[in-house]
Amino acid sequence: MKKIREKSALMPELVTDILLRLPVSSLLRFRCLSRPVCSEIDSEKFVKNHLNSSIKRRTRLKLIFFDSVLKGPSDLYYSDFDDDLVVAFVLNKPLISPYQASFVYGSCNGLILLGWDLAVWNPFTRRYKKLPLCPVQTLPGYKGFMCSGLGYDSAHDDYMILLISEVHDSDRLVYQVWIFGLKSDIWRRSRDLKDDVNTQVGHFANGALYWACKRKNKCVGFDLAKEVFFDIPLLSDCRPASIFWDSLVVFGGNVYCPTLHDGTVEYYLLVSEDKGGDVVEVSWRKEFTMENVKTIMDDVFPPWPLAYSKDRNSILLGEVGGVFWHNLENRTKQRVNIAGQPEVRGFRYNVCWESLVSVGKDSAFEGAAEGVRIDDLE
């Protein structure tokens, strides 16, 4: 009898271990199996463990991409790393506008920040939340928001949306910073930004959002937990490759600055150390190089790294016209032919973990978790 009880006590742990290995679509269906199973899947602990399990095992990673050139309505697409990126699917996104193209301001742990009307969306649970109007948008001197970003504040266990807006105040231009927390469910003003940035998208890594400044000698970061900006000077050899395009990229959970010199792209890794208080010491270190790179224009649009292969011998790099694997050992590259990917020259790419992470209070249900294969639409 004692052995039977010991085995029974292990069953919940075995069930949880099995559930952690399942994709989100299966977990959503299995919520109806029983109340204990539903409670387990819905718990914050399970949601975090499921995400961490995916990251640790490097599974359920998606490539999200969209046409950044198209001015009218456009689609979002995804392809699955677990299936070797063989086919593209259309993501049926919420808040479809007949006038605006798709735009992704960033992704974090399965959540996607959609523009132009800001909304946080989990395409795998099919839940989204349209953000309320930010107070800065009602000011007389409001000129529009300059950039935005999505990140995770581990200190407060909250997902944060940051909005930087241009406001005319007493004949001077002020860059107001506003933050929306999914848990607090309100906008609140933070410290103003002193420098103009040259990109719309804030790149999230290691608890902070990063932008390149229009002055090419530095970048700027914003610590989500401390709500402070910090400057990141650039070395003479480490200059963003473009003042028009996103000059920084996030890859493998770290920030990189790609530089382009005579057809050679060098990728510099941002190394930061918290010194306490508001002091963060930063430096750049060259990590890897690509030679004989052809770009659309001189010093514009170098390939940007997206993800390691599972054996970490290759890196997936994105260009405006597609993606390819770059072998780190022999420095060869192999184009990835994603079946059904439209023939355009303006793709932007993001990588996104499939997750159960909630979009917060008052969410709505819309969009398609499974997606539609593009070949089926023809």
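Here the structure is a predicted model, which is why all the values come from computation and not from measurement.
- Within the model, atoms CZ of F30 and SG of C38 stand 13.5 Å from one another, a figure rounded to the nearest 0.5 Å.
- Distance alone, capped at 3.5 Å, places no donor-acceptor pair between the W304 side chain and the L317 backbone.
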Q. Please walk me through it: do R60 and D82 pass salt bridge (Lys or Arg N to Asp or Glu O under 4.0 Å)?
A. CA-CA 6 Å; R60 296 189 285 269; D82 289 342; over 6 Å; no

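- The distance from the CG atom of L111 to the OH atom of Y128 is 15.5 Å, given to the nearest 0.5 Å.
- Ring geometry for F81 against W325 counts as perpendicular: the plane angle is over 60°, on a 0 to 90° scale with 30° as the lower cut.
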Q.
Go through it in stages, so that I can follow the logic: the residues are E227 and R188, the test is salt bridge (Lys or Arg N to Asp or Glu O under 4.0 Å), and I'd like the CA-CA distance, side-chain angles, deciding distance and then a yes or no.
A. CA-CA 12 Å; E227 295 191 19; R188 53 188 175 81; 2.6 Å; yes

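- Between the side chains of S355 and N109, no donor-acceptor pair of N or O atoms lies under 3.5 Å.
- Of all the heavy atoms in E354 and V24, the pair that sits closest is OE2-N, 2.6 Å.
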Q | Test log, rule salt bridge (Lys or Arg N to Asp or Glu O under 4.0 Å), inputs D362 and K130 | A | CA-CA 9 Å; D362 302 321; K130 189 176 184 303; over 6 Å; no

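- Interatomic distance, CZ of F365 versus CZ of R126, reported as 3.5 Å (0.5 Å rounding).
- A salt bridge between E319 and R335 is present, with a side-chain N of the basic residue lying under 4.0 Å from a carboxylate O of the acidic one.
- Y152 and D158 share no donor-acceptor pair across their side chains, judged by distance under 3.5 Å alone.
- Between the side chain of N327 and the backbone N or O of E329, at least one donor-acceptor pair lies under 3.5 Å.
- For the pair Y175 and D192, the minimum side-chain heavy-atom distance is 4.5 Å or more.
- Cation-pi geometry between K62 and Y78 is not satisfied (NZ or CZ under 6.0 Å from the ring centre, within 45° of the ring normal).
- Looking at S107, its side chain never comes within 3.5 Å of a backbone N or O of C352 through a donor-acceptor pair.
- With salt bridges taken as basic N to acidic carboxylate O contacts below 4.0 Å, none links K194 and D231.
- To the nearest 0.5 Å, atom CG of residue L85 and atom CG of residue N337 are 11.0 Å apart.
- For the residue pair L27 and L19, the shortest heavy atom distance occurs at CD2-O, 3.4 Å.
- The main-chain N or O of R127 is never found under 3.5 Å from a side-chain atom of N122 such that the two would form a donor-acceptor pair.
- Residues P94 and L114 are in side-chain contact: their nearest non-hydrogen atoms beyond the backbone lie under 4.5 Å apart.
- Counting only distance, with no hydrogens or angles, the side chain of K286 and the backbone of E266 share no donor-acceptor pair below 3.5 Å.
- At least one donor-acceptor pair closer than 3.5 Å links the side chain of S43 to the backbone N or O of F46.
- Judged purely by atom type and a 3.5 angstrom limit, S184 has no side-chain atom pairing as donor or acceptor with the backbone of F180.
- Taking CD from Q176 and CD from E166, the interatomic distance works out to 11.5 Å, rounded to the nearest 0.5 Å.
- When the ring-ring contact (aromatic ring centres under 6.0 Å, His included) test is applied to Y308, the partners found at least two apart in sequence or on another chain are F251.
- Looking at H203, its side chain never comes within 3.5 Å of a backbone N or O of V249 through a donor-acceptor pair.
- Around CD of E287, the count of heavy atoms belonging to other residues, nucleotides or ligands within 6.0 Å exceeds 12.
- Cluster annotation: V174 is not connected to L163 through the hydrophobic network of ILVMFWY side chains, with a link wherever side-chain heavy atoms come within less than 4.5 Å.
- Looking at V120 and I112, their side chains never come closer than 4.5 Å, going by heavy atoms from C-beta outward.
- Shown are W284, Y256, F288; of these, the ring pair (Phe, Tyr, Trp, His ring centres under 6.0 Å) with Y267 is made only by F288.
- Judged by distance alone, with hydrogens and angles left aside, the side-chain atoms of D17 form no donor-acceptor pair with the main-chain N or O of E13 at under 3.5 Å.
- Contact record, L270 with I232: CD1-CG2, 3.6 Å, taken as the closest heavy-atom pair.
- One distance of note links OG1 of T16 with NE2 of H50; it measures 12.0 Å at 0.5 Å rounding.
- The closest donor-acceptor contact from the side chain of S363 to the backbone of V359 lies at 3.5 Å or more, if one exists at all.
- Within 6.0 Å of NZ in K310 there are more than 12 heavy atoms belonging to other residues, nucleotides or ligands.
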